[in-house]
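See structure below.
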2 protein chains.
Amino acid sequence: MARKTGSHSEITGPRIRAEAQRLFARHGFAAVSMRQIAAAVGVQAGALYLYTPDKEALLFDLLKSHMEELLSAWAEVAPRTEPLAALETFVRFHIRFNLTRAEAVFLSYMELRNLSPGNFAVIEGLRRAYETELEKILIAGRAAGVFALPDTKLATLAIIAMLTGVNTWYREGGRLSLDTVEATYWDMVRKAVGA
Amino acid sequence: MARKTGSHSEITGPRIRAEAQRLFARHGFAAVSMRQIAAAVGVQAGALYLYTPDKEALLFDLLKSHMEELLSAWAEVAPRTEPLAALETFVRFHIRFNLTRAEAVFLSYMELRNLSPGNFAVIEGLRRAYETELEKILIAGRAAGVFALPDTKLATLAIIAMLTGVNTWYREGGRLSLDTVEATYWDMVRKAVGA
DNA sequence: AGGTTATCTGAACATTTGTTCAGTATCAAA
DNA sequence: TTTGATACTGAACAAATGTTCAGATAACCT
């Protein structure tokens with residue numbers, strides 16, 4: 001046997017990335033073998049190397065794509081209004097976006113240590129860029145006198161950690177609706193920044 | 001060669017757990033081999049099995065010990081005063097305790113998925129017990145009218161996520177002192193709960 | 001229809017994995 | 001000083017790891 005009927009790189013490529021993300025998120029990067037990913041796709045292990053130079057590049061590709069999509073999704077909705085409304089937009093955006101990509105978020109927080117130093121720095125830079133987006137809002141708000149914050153950098157990290165925490169417990173169809181969750185977190189954040 | 005001079009289980013046992021924790025936290029459970037742990041201790045891989053039945057039990061032991069120490073450390077300082085003071089105690093305790101055990105905290109959040117279902121349930125139960133400690137304070141505070149919270153369960157998870165986030169960025173000797181960090185987080189939490 | 005390119009198989013490779021165990025050296029007590 | 005328990009070595013095991021590659025089949029283009 002060799003090439004399979006109906007085989008196309010535009011189909012196999014995304015499927016490999018999807019299955020890799022699912023398995024990495026579920027069992028951890030090091031615990032998942034290339035053969036497991038291949039089996040999930042329905043292909044032999046050797047075929048994966050038509051789509052990635054090696055295993056780490058597969059992980060890096062997933063993390064980098066996720067961070068870039070996060071940044072560009074934010075760029076599309078990022079408001080140029082007053083800080084309070086901007087902060088609410090950020091809070092709701094972060095919760096909603098992260099919940100729709102729980103696996104990718106999980107990976108981005110868990111598997112950074114499996115990257116080589118160079119690749120690590122790239123992801124770290126993208127993450128910092130995203131954090132800066134929030135901090136810009138906090139700085140503007142403090143300058144305008146609507147936020148009371150002793151340290152905007154600390155507040156940035158605290159808020160992001162709090163919001164990302166939603167991913168660890170929220171389940172669709174659970175006790176609280178997404179809209180209720182968003183509203184409740186926004187209420188806490190608004191009060192926490194002193195507005 | 002066989003038994004080494006000066007060898008004692010009271011020394012080797014703790015050293016194995018310490019090195020395992022360090023390596024698991026740094027590279028991930030699945031990425032660390034029994035031979036690496038043994039080498040860090042200065043012993044052959046076979047010797048590890050005098051102290052643990054298998055690799056997973058070693059991880060489980062670390063996670064369980066950490067959670068039990070967390071709970072008993074909290075039990076020692078847990079105040080029976082009014083909710084506002086109790087909440088401040090919790091915030092400061094959580095930050096301080098977690099920072100002194102960064103590796104164990106990291107493990108407890110990252111490597112749960114490498115546990116068998118039975119062991120997973122044990123750790124999950126301990127974690128829930130700890131969360132309940134905070135929620136009891138929030139419930140009491142809301143009943144007393146000093147906290148304004150729509151959902152104490154959600155607030156519990158939000159606060160813990162926010163506080164635990166300190167571990168990802170705080171470094172001793174950095175820009176902010178531990179006391180400043182504690183005070184700043186406490187200020188945000190206090191405002192967030194509406195007190 | 002025929003030739004070219006794209007896609008995948010299946011076997012192979014050297015390493016590494018968790019774990020077991022018979023043997024051996026050290027320790028502690030009598 | 002002898003004896004039994006304790007702590008470790010070193011070799012061995014089958015299974016699994018990431019990765020490579022020659023060969024084979026399907027899809028596409030002329």
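Every chain is numbered from 1, with letters handed out A, B, ... down the list of sequences.
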Distances for protein N or O near nucleotides 27-30 of chain C N or O, under 3.5 Å:
{"from": "C:dC27", "atom 1": "OP1", "to": "B:G6", "atom 2": "N", "distance (Å)": "2.9"}

What is the distance from [atom1] of [X] to [atom2] of [N], rounded to the nearest Å?
X: B:Q44; N: C:dT24; atom1: CD; atom2: C1'; result: 14 Å
X: A:L48; N: C:dA6; atom1: CG; atom2: P; result: 19 Å
X: A:E56; N: D:dT19; atom1: CD; atom2: C1'; result: 15 Å
X: A:N114; N: D:dT17; atom1: CG; atom2: C1'; result: 15 Å
X: B:L50; N: C:dT26; atom1: CG; atom2: P; result: 17 Å
X: A:R15; N: C:dT7; atom1: CZ; atom2: C1'; result: 15 Å
X: B:E10; N: C:dT26; atom1: CD; atom2: P; result: 19 Å
X: A:I11; N: C:dA6; atom1: CD1; atom2: P; result: 17 Å

Sort me out a list of protein N/O and nucleotides 14-18 of chain C N/O pairs below 3.5 Å, or just none if empty.
{"from": "C:dT17", "atom 1": "OP1", "to": "B:S33", "atom 2": "OG", "distance (Å)": "3.4"}
{"from": "C:dG18", "atom 1": "OP1", "to": "B:V32", "atom 2": "O", "distance (Å)": "3.4"}
{"from": "C:dG18", "atom 1": "OP1", "to": "B:K55", "atom 2": "NZ", "distance (Å)": "3.0"}
{"from": "C:dG18", "atom 1": "OP2", "to": "B:M34", "atom 2": "N", "distance (Å)": "2.9"}
{"from": "C:dG18", "atom 1": "N7", "to": "B:R35", "atom 2": "NH1", "distance (Å)": "2.9"}
{"from": "C:dG18", "atom 1": "O6", "to": "B:R35", "atom 2": "NH2", "distance (Å)": "2.9"}

Legend entry - Within one Ile-Leu-Val-Met-Phe-Trp-Tyr cluster: B:L58 and B:I11, side-chain cutoff 4.5 Å: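 No, B:L58 does not connect to B:I11 through the hydrophobic network.
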Legend entry - Nearest-0.5 Å distance, CG of residue B:L107 to CG of residue B:L63: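 Going from CG on B:L107 over to CG on B:L63, the span is 6.0 Å.
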Legend entry - Pairwise distance CZ(B:R128) to CE(B:M67) - rounded to 0.5 angstrom: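 If we round to the nearest 0.5 Å, B:R128:CZ and B:M67:CE are 11.0 Å apart.
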Inset, instruction - Determine whether more than 12 heavy atoms belonging to other residues, nucleotides or ligands lie under 6.0 Å from atom NZ of B:K64. - result: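 Not buried by this count: 12 neighbours or fewer within 6.0 Å.
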Inset, instruction - Kindly assign one of parallel, tilted or perpendicular to the pair B:Y130 and B:H94, based on the angle between their ring planes and the thresholds 30° and 60°. - result: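 B:Y130 and B:H94: parallel rings.
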Legend entry - Parallel, tilted or perpendicular: rings of A:W169 and A:Y185 (30°, 60°):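 Aromatic pair A:Y185/A:W169 classed parallel.
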Legend entry - Geometric cation-pi criterion, A:K55 with A:F24: 6.0 Å, 45°: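 No - A:K55 does not lie over the ring of A:F24 by the 6.0 Å and 45° rule.
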Inset, instruction - Measure from NZ or CZ of A:R127 to the centre of the six-membered ring of A:Y109 and say whether it is under 6.0 Å with the direction within 45° of the ring axis. - result: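 Yes.
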Inset, instruction - Using the closest heavy atom to pick a nucleotide of DNA chain D for each, name whichever of A:P53 or B:A45 lands nearer the 5' end. - result: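 On the 5' side of the pair lies B:A45.
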Inset, instruction - Kindly determine whether A:L87 and A:V189 satisfy side chain to side chain contact (heavy atoms under 4.5 Å, CB included), including the steps that lead there. - result: CA-CA 9 Å; A:L87 183 57; A:V189 169; 4.0 Å; yes
